[in-house]
Amino acid sequence: MSRILIKNGHLVDPANQRDEVCDIFICDNRIEKIGSGLFDEDAILIDAEGKIVMPGLIDLHVHLREPGFEYKETIATGTKAAAHGGVTTICPMPNTNPVIDSVERVKDLLKRAKEAPVHVLPVGAVTVGQAGKELADIRGMKEAGAVALSEDGKSVMDTALYREGLYEAARCDIPVFAHCEDKSLVGNGVMNAGKKAEELGLPGISNAVEDVIAARDIFMSKEAGNRLHLCHCSTKDSAVLVKMAKEQGLLVTGEVCPHHFTMSDDEITQDHGRFKMNPPLRSREDVIALKEALRDGVMDVISTDHAPHGEEEKNQSMKKAPFGIVGIENSFALGYTELVRTGYLTLPGLIEKMSVNPAKVLRIEKGNLAEGKVADVVVADLTEEYEICPEEFFSKGKNTPFAGKKVFGRIDVTIVDGKIVYQR
Ligand code: DOR
Ligand code: ZN
Ligand code: ZN
């Protein structure tokens, strides 16, 4: 039997409105007891005095790259990176090679992830091979263990086919994670359309590229009645649309990535691949609107779109580099530094966006540290400033625009299913 006793930590468990110093006793894979003055002579002791203790983070948007692109990331390295970031559950996107688009592929991914240190909940593609021609076996994938559907990396551009997919998603009661991007409007854009793109002589991606598909998807899901989760919202009008959808009582949720609330395009200092991701870093106005949308409860979730790539691939002009930055090892720190320390969110509010609400989107019993719940628990230090250092990442990907950035909110211990999977 494995036993862990976390002593004198400041428990922040918004699902149970707890915000107090106490001890947490974990026995096997469950939270056995929460209280003060707890003692167990056989338990592994974690001294959490001066630290916070929170439910493990749930990242709804991660790219693991296995199978097919193991030089960028593997399930082993990506899940270790998750543990390092305090993330205890991840949803890997299906844009691997082969694409996760069938019962067999979902089962294969789950088998590969069996020994992973964190929970891996697969996302299946909407269409076969993400080719946008024919629907994947949505019901089969759900029954095999897929928790959501996504065409991430692009949108299903054939709206009639997409509509069929949304109806099937509604019948199967599985949420659709929408990457909103009108392919016909993107052209060869590599960064946000605007002054900075002009200055750097780079082709731009306008806000409308995202907004028109966000609107389409919301109205399409209004008709189909499915659960729709808008991935990595980057524009102020995405927030306007999600707010409207909520006012209409639709089953729509919205997600923002740390890079989109931390950095705007005017902070891009040079034409370098580390600043390139999709959707791109937007204007200052968009950044502020996203922070306000998180504050006001319009945006429900913070996920990373952790997108590792090879060093040489990213170490070149944005015209050539692939889209994507890593993020799973510093998402909590960016959330805490950029949203909590600046007053946009309270600490429980941040934990809601990073654990409680993602669990609600998936309708899984996580993000909750009540007695009897599965022990996915994180201890973090909020007091000591440190620098984001890609050399310390467990991910194979080091591609981030945040190297050297000073942040607060370092993960000390990550516990998954009652086992310590990372300890600083
Ligand atoms: O930046 C991105 N990277 N955006 C995407 O939509 C896909 C992802 C990837 O797979 O690299
Ligand atoms: Zn995407
Ligand atoms: Zn993605």
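Remember, it's a predicted structure, so these values are computed and weren't measured experimentally.
- Taking CD of Glu352 as the start and NZ of Lys360 as the end, the distance is 6.5 Å to the nearest 0.5 Å.
- Side-chain contact of Ser234 with Glu210: a donor-acceptor pair under 3.5 Å is present, judged by distance alone.
- A donor-acceptor distance shorter than 3.5 angstrom exists from the side chain of Lys276 to the backbone of Ala321, with no hydrogens or angles considered.
- Without hydrogens or angle criteria, Asn226 side chain to Tyr167 main chain gives no donor-acceptor distance under 3.5 Å.
- A donor-acceptor pair under 3.5 Å links the side-chain atoms of Arg65 to the main chain of Pro308, judged by distance alone.
- Environment of NZ in Lys154: crowded, with over 12 heavy atoms of neighbouring residues, nucleotides or ligands closer than 6.0 Å.
- Salt-bridge check for Lys111 with Asp108: failed, with every basic side-chain N at 4.0 Å or more from each acidic carboxylate O.
- Side chain of Asp305 to main chain of His61: no donor-acceptor pair is present (N/O by atom type, distance under 3.5 Å, no hydrogens or angles).
- From Asn330, atom CG reaches atom CD of Glu387 across 12.5 Å, with rounding to the nearest 0.5 Å.
- The only member of Asp211, Asn192, Asn207 that meets side-chain hydrogen bond (donor to acceptor under 3.5 Å, both in side chains) when paired with Thr235 is Asp211.
- By the 4.5 Å heavy-atom criterion applied to side chains, Val209 and Ser206 are counted as neighbours.
- Counting heavy-atom neighbours within 6.0 Å of Glu285 CD, excluding the residue itself, gives a total of 12 or less.
- Remark: Lys107 does not engage Glu104 in a salt bridge, criterion side-chain N to carboxylate O under 4.0 Å.
- The number of heavy atoms from other shown groups lying within 6.0 Å of CD (Glu115) does not exceed 12.
- Interatomic distance, CG of Leu350 versus CE of Met54, reported as 7.5 Å (0.5 Å rounding).
- A 6.0 Å sphere centred on CD of Glu49 holds no more than 12 heavy atoms belonging to other residues, nucleotides or ligands.
- Lys406 contributes atom NZ, which lies 6.0 Å from atom CD of Glu385 (distance to the nearest 0.5 angstrom).
- Between the side chain of Arg30 and the main chain of Gly372, a donor-acceptor pair closer than 3.5 Å is present.
- Within the model, atoms CD1 of Ile205 and CG of Asp182 stand 12.5 Å from one another, a figure rounded to the nearest 0.5 Å.
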Check your understanding: Hey, mind stepping through Ile6 and Leu11 against side chain to side chain contact (heavy atoms under 4.5 Å, CB included) and telling me if it holds?
Key -> CA-CA 10 Å; Ile6 306 174; Leu11 173 63; over 6 Å; no
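- By the 4.0 Å N-to-carboxylate-O rule, Arg284 lies close enough to Asp266 to be salt-bridged with it.
- The shortest side-chain heavy-atom distance between Asn368 and Val356 does not fall under the 4.5 Å cut-off.
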Check your understanding: What's the verdict on side chain to side chain contact (heavy atoms under 4.5 Å, CB included) for Ile328 and Ile90, showing C-alpha distance, side-chain angles and the deciding distance?
Key -> CA-CA 10 Å; Ile328 204 161; Ile90 59 172; 3.8 Å; yes
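- Side chains of Glu73 and His63: a donor-acceptor N/O pair is absent below 3.5 angstrom, by distance only.
- Between Ile58 and Ala359, the shortest heavy-atom distance links the atoms CD1-CB, 3.8 Å.
- Phe177 has its side chain out of reach of Asp152: every pair of non-hydrogen atoms, C-beta onward, lies at least 4.5 Å apart.
- The minimum heavy-atom distance between Gly367 and Ala15, with the atom names listed, is O-CB, 3.5 Å.
- Between Leu228 and Leu250 there is no side-chain heavy-atom pair separated by less than 4.5 Å.
- Nearest heavy atom pair, residue Ala208 against residue Leu185, reads O-CD1, 4.2 Å.
- Partner of Leu281 under the side-chain contact (heavy atoms from CB on, under 4.5 Å) criterion, out of Met191, Lys196, Met263: Met263 alone.
- Looking only at distances, no side-chain donor or acceptor of Glu329 sits under 3.5 Å from a matching main-chain atom of Gly327.
- Under 4.0 Å is where a charged nitrogen must lie from a carboxylate oxygen, and between Lys246 and Asp300 at least one such pair does.
- The shortest heavy-atom contact between Leu230 and Cys180 is CD2-SG, 3.8 Å.
- With hydrogens and angles left out, the side-chain atoms of Tyr71 and Glu313 include a donor and acceptor closer than 3.5 Å.
- Lys398 places a side-chain N or O within 3.5 Å of a backbone atom of Phe393 that can act as its donor or acceptor partner.
- Annotation: side chain of Pro117 is not in contact with side chain of Val416 (no heavy-atom distance under 4.5 Å).
- Ion pairing between Arg363 and Asp173 holds under the 4.0 Å rule for side-chain N and carboxylate O.
- When atom types are taken as modelled, the side chain of Glu371 and the backbone of Ile34 share a donor-acceptor pair closer than 3.5 angstrom.
- Inter-residue side-chain proximity for Thr127 and Glu151 is flagged as met; some heavy-atom pair is nearer than 4.5 Å.
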Exercise for review: Could you walk me through whether Ile420 and Ile46 pass side chain to side chain contact (heavy atoms under 4.5 Å, CB included), step by step?
Suggested key: CA-CA 10 Å; Ile420 297 174; Ile46 295 174; 4.0 Å; yes
Exercise for review: Using the salt bridge (Lys or Arg N to Asp or Glu O under 4.0 Å) rule, take Lys195 and Glu198 through it: C-alpha gap first, then chi angles, then the decisive distance, then the call.
Suggested key: CA-CA 5 Å; Lys195 242 195 182 141; Glu198 279 167 33; over 6 Å; no
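- Inspection of the Tyr344 and Glu338 side chains reveals no N or O donor paired with an N or O acceptor under 3.5 Å.
- Side-chain contact annotation: Ser317 with Asp271, donor-acceptor N/O pair under 3.5 Å present.
- A donor-acceptor pair is defined here as one N or O able to donate and one able to accept, closer than 3.5 Å; such a pair exists between the side chain of Lys353 and the backbone of Leu294.
- A salt bridge is defined here as a Lys NZ or Arg NE, NH1 or NH2 lying under 4.0 Å from an Asp or Glu carboxylate O, and Glu168 with Arg171 meets this definition.
- The two residues Asp417 and Asp376 make their nearest non-hydrogen contact at N-OD1, 2.9 Å.
- Only one option out of His306, His259, His179, His260 pairs with His232 in a ring-ring contact (aromatic ring centres under 6.0 Å, His included); it is His179.
- Once rounded to the nearest 0.5 Å, the distance linking OH of Tyr422 with CG of Asp412 reads 7.5 Å.
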**Study point:** Criterion side chain to side chain contact (heavy atoms under 4.5 Å, CB included) on Phe219 and Glu223, from CA distance to verdict
**Key:** CA-CA 6 Å; Phe219 289 115; Glu223 181 182 310; over 6 Å; no
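- For the pair Cys91 and Pro122, the minimum side-chain heavy-atom distance is 4.5 Å or more.
- Using cut-offs of 30° and 60° for the angle between ring planes, the His272 and Phe275 rings count as perpendicular.
- Counting only heavy atoms from C-beta outward, the side chains of Leu347 and Leu382 approach each other to under 4.5 Å.
- In terms of heavy-atom proximity, Ser264 sits nearest to Ser283 at CB-C, 3.8 Å.
- A donor-acceptor pair is defined here as one N or O able to donate and one able to accept, closer than 3.5 Å; no such pair exists between the side chain of Gln130 and the backbone of Ala125.
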